[in-house]
Amino acid sequence: METKNLLKLLHALFAAVALVVFLAAPFASFGGKFSVSGARMLENLDEENLWMVLFVIMPVLAACSNFSDSKTLRGIASGAMLLPVLILFAQENSSRLDLEAGGIVYCVASVALIILALIPAPAEESESPSIRPAAAGPDTPAPAADTAGAEARSYDAERLQTIVANPALYRSELVESCREELRIREAAAGLMPQTEQMPDEKLREICNAPQTYSPELLYCAQKTLEARAAAVRERQAREEAEHRAQLQKEAEERQARLRQEAEQARLRRQAAWKKWRPFAGLALLLALAASVAAFLTSDGHRYARAVKLAGNQEQALKAVRLLEKIEDPEFEHYAAAKGLLCDCYLSLQDSAAAARALTDAVSQQDWSAPETYDRYVYFRRTGELAPHLPKSVRLAAECLALAPDTERKLEAGILFFDSGIYGSAGEAFESVEFVPKAKGYLGILHLYGLGMEQDFETAYDYLQQAPREMPFVVHLGDLTLYLRKGKGYGVMSHIEAADELYAEAARLAPDDKACTDRYTVTRNVLDAQKKHAQISYWDRGSVYWNSYTFDKGSYTGEYTEWNGSGGAHGWGCFTWKQSKEIRLARYAHLVSAGLGINIADNYRITVGTLSGNYGQLVSGTLITPQGVTKTGVFRDSELVEGSEYNPNGTLLSRVK
């Protein structure tokens, strides 16, 4: 195999190896700690597009450049292959590159391939067509077999005579060859006319059989063939020169024609421009006028102009005219424009138009101008624009429920709750369930089954996460007693936990007797226990602290004996085995005779003055399982004088 073919095969193999190594590098893991993780690159493909370009494009360009004859192109493309390696070193650094095993192999292979790429690929040898003989031309005869004869044949007549005249200065073989050559040339002078008439085939035949023909004839044949070959070469050179001249002439004519056509086109454009210039100017003026008109009549300009005029009382009417023309609900400042129109109408004391503008402003519910929606909610809650915009807390809450922010959604839930629309209130609070206050209201809704399923455990979990404020804290205190959620075991731990909550409720609502009474009851029970714990067994007297059980439940509290038996006498607490009912009160010989709390099994809460064996409420507060609050004077557990309120605190009725 020739050297040039071997080098071309070597470059072809290099192209294949370069593609495999550099295309596989981003997705392969080599030995040692060196790793170019394909997974990491694919995960961050958007951030590392440059990596993919370098690892894919550069090897392809470098491989293709090996078949180019340009040494500069091969050098630039091969050097560009260094970019992926350099970036890999800089980016991965020592934490990703450990020169072990595959790491060394990869680096050495990369550098070796790049150096190999610099070896130029050999180009095919070619000859200039000006010196290549024609295919049909005569062949040049082969040189003479003997060296001396061939050397003598190459000399002219003067040189031959010089050698023959000085035989002592040259080799004997050369001198003899020169004498023979002079003789042949003198003898061939007469044969030359005859030889020139012979065809090329005959002359080549004579040259190819030197032993058959005489040396004189052979010489004439060779000279004739050489003269004919020189004539052919001269003719070819002349034809090529004429062809190049013709091509150059055609190129010059083509360039001249193109320049002429370009000039003619320029002149035509110039003439057309002179002809249509007035019309183009008119069209430009019309377009400019249309643009100005479109701008002046655009909603954006009207709104911006109205904003400037609205601040001046005297210009309010002009602002109204501009804002009334904004009717596209898709306009980005539509809500703000209608809100501004409402303000202008209010300044002009036109309540009906102001209400209409405000209604239009909130019709799209895009909340691009939240202050406009707040104004609508305000008028709906206060009724200041009635009868054009009647008071409706429900509509105000529905508007706020569609707001994108948490504060307004929470406010919507509170408005629904205060209006007794508990289903919508629950939906609003659940949409902002992560807000502690929303958790508190959800706890109340679950506690009384308002708009959702009644669930005391869920209510307790929600109220536990609610802020320590009214009304959540007092409900949490009641549930703490009802569900026995104390800090430890035993009824006293439940009472202690509820006492802390009732104390907070009494501090937050000192005028709410139901709250202060709750705290008074739990505080007196805990104080009584503490007092008796400090008295020794021998000094405890007739009333002491005790705990005992009976058939249906148990008692813990102050205790005394009378008539051979004993029981509750003072502050204490009764609980029942098969129910959640709990009763804290002041007792006189087992009979409720003072302030107390009674939470029945169906979550019926009584707080106030209790009397009788069953702790009937005489005066105070009763909360039904549905959350209705009755406060006042009671007879046989029925309110005879006082007021009734729903769970959100709205007065339902008065009893006299």
Side-chain angles (χ1 to χ4, degrees), residues 1-8 69 120 122-251:
M1 182 182 293
E2 296 183 4
T3 303
K4 62 180 181 180
N5 293 332
L6 181 61
L7 286 177
K8 280 190 171 293
D69 292 334
E124 293 290 346
E125 294 182 0
S126 59
E127 294 180 348
S128 173
S130 62
I131 63 173
R132 185 182 295 117
D139 296 332
T140 302
D146 59 307
T147 306
E151 185 178 356
R153 180 62 51 86
S154 64
Y155 295 153
D156 56 10
E158 183 179 357
R159 178 64 174 169
L160 292 174
Q161 291 174 357
T162 302
I163 294 174
V164 171
N166 300 284
L169 299 177
Y170 301 95
R171 301 190 314 273
S172 59
E173 296 85 357
L174 179 60
V175 173
E176 289 299 326
S177 297
C178 289
R179 288 196 183 101
E180 181 64 19
E181 183 65 22
L182 286 173
R183 185 192 66 77
I184 290 173
R185 291 184 182 184
E186 291 176 359
L191 296 175
M192 187 61 69
Q194 181 184 354
T195 307
E196 290 177 351
Q197 301 299 321
M198 293 181 182
D200 293 343
E201 292 78 4
K202 181 63 177 177
L203 296 176
R204 282 193 289 271
E205 179 183 348
I206 295 171
C207 292
N208 292 331
Q211 294 82 8
T212 305
Y213 298 95
S214 64
E216 294 81 2
L217 184 60
L218 180 62
Y219 174 80
C220 291
Q222 291 176 346
K223 288 298 182 180
T224 303
L225 286 176
E226 290 177 358
R228 291 179 181 180
V232 169
R233 289 194 295 272
E234 183 180 355
R235 177 174 52 80
Q236 289 179 344
R238 186 173 58 254
E239 290 176 353
E240 289 180 1
E242 292 175 354
H243 180 65
R244 285 195 295 270
Q246 181 65 24
L247 291 178
Q248 183 176 1
K249 180 180 179 182
E250 292 177 355

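Position 1 is the first residue of the sequence; numbering continues from there.
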For this session: For E239, look at atom CD and say whether over 12 heavy atoms of other residues, nucleotides or ligands are found less than 6.0 Å away.
Result: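 Atom CD in E239 is packed in, count exceeds 12.
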Taking distance alone, no hydrogens or angles, what donor-acceptor pairs closer than 3.5 Å link side-chain atoms of residues 167-176 to residues at least two apart or in another chain?
unit_1	atom_1	unit_2	atom_2	d
R171	NH2	E151	OE1	3.4
E176	OE2	R179	NH1	3.0

Exercise. Does a donor on one side chain and an acceptor on the other come within less than 3.5 Å for E240 and Q236?
Worked result: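 No, no side-chain donor-acceptor pair sits under 3.5 Å.
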Between [atom1] on residue [X] and [atom2] on residue [Y], distance to nearest 0.5 Å:
X    : Y    : atom1 : atom2 : result
L203 : T224 : CG    : OG1   : 5.5 Å
I206 : L218 : CD1   : CG    : 8.0 Å
L182 : S177 : CG    : OG    : 11.0 Å
M192 : L217 : CE    : CG    : 10.0 Å

Exercise. Taking it one step at a time, do K223 and T195 satisfy side chain to side chain contact (heavy atoms under 4.5 Å, CB included)?
Worked result: CA-CA 9 Å; K223 288 298 182 180; T195 307; over 6 Å; no
Exercise. Which residues satisfy the salt bridge (charged side-chain N to carboxylate O under 4.0 Å, His left out) test with R183, sequence neighbours excluded?
Worked result: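 R183 satisfies salt bridge (charged side-chain N to carboxylate O under 4.0 Å, His left out) with E180, E216 once adjacent residues are dropped.
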Problem set entry | Closest approach of N166 to T162 (non-hydrogen atoms, all atoms of both residues) |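 Scanning both residues completely, I find the closest heavy atoms to be ND2-O, 2.9 Å.
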Problem set entry | Donor-acceptor under 3.5 Å (R185 side chain, Y219 main chain) |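 Checking the backbone N and O of Y219 against the side chain of R185, no donor-acceptor pair under 3.5 Å is found.
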For this session: Report the residue from R244, E250, H243 that forms a side-chain hydrogen bond (donor to acceptor under 3.5 Å, both in side chains) with Q246.
Result: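 By the side-chain hydrogen bond (donor to acceptor under 3.5 Å, both in side chains) criterion, Q246 pairs with just one of R244, E250, H243: E250.
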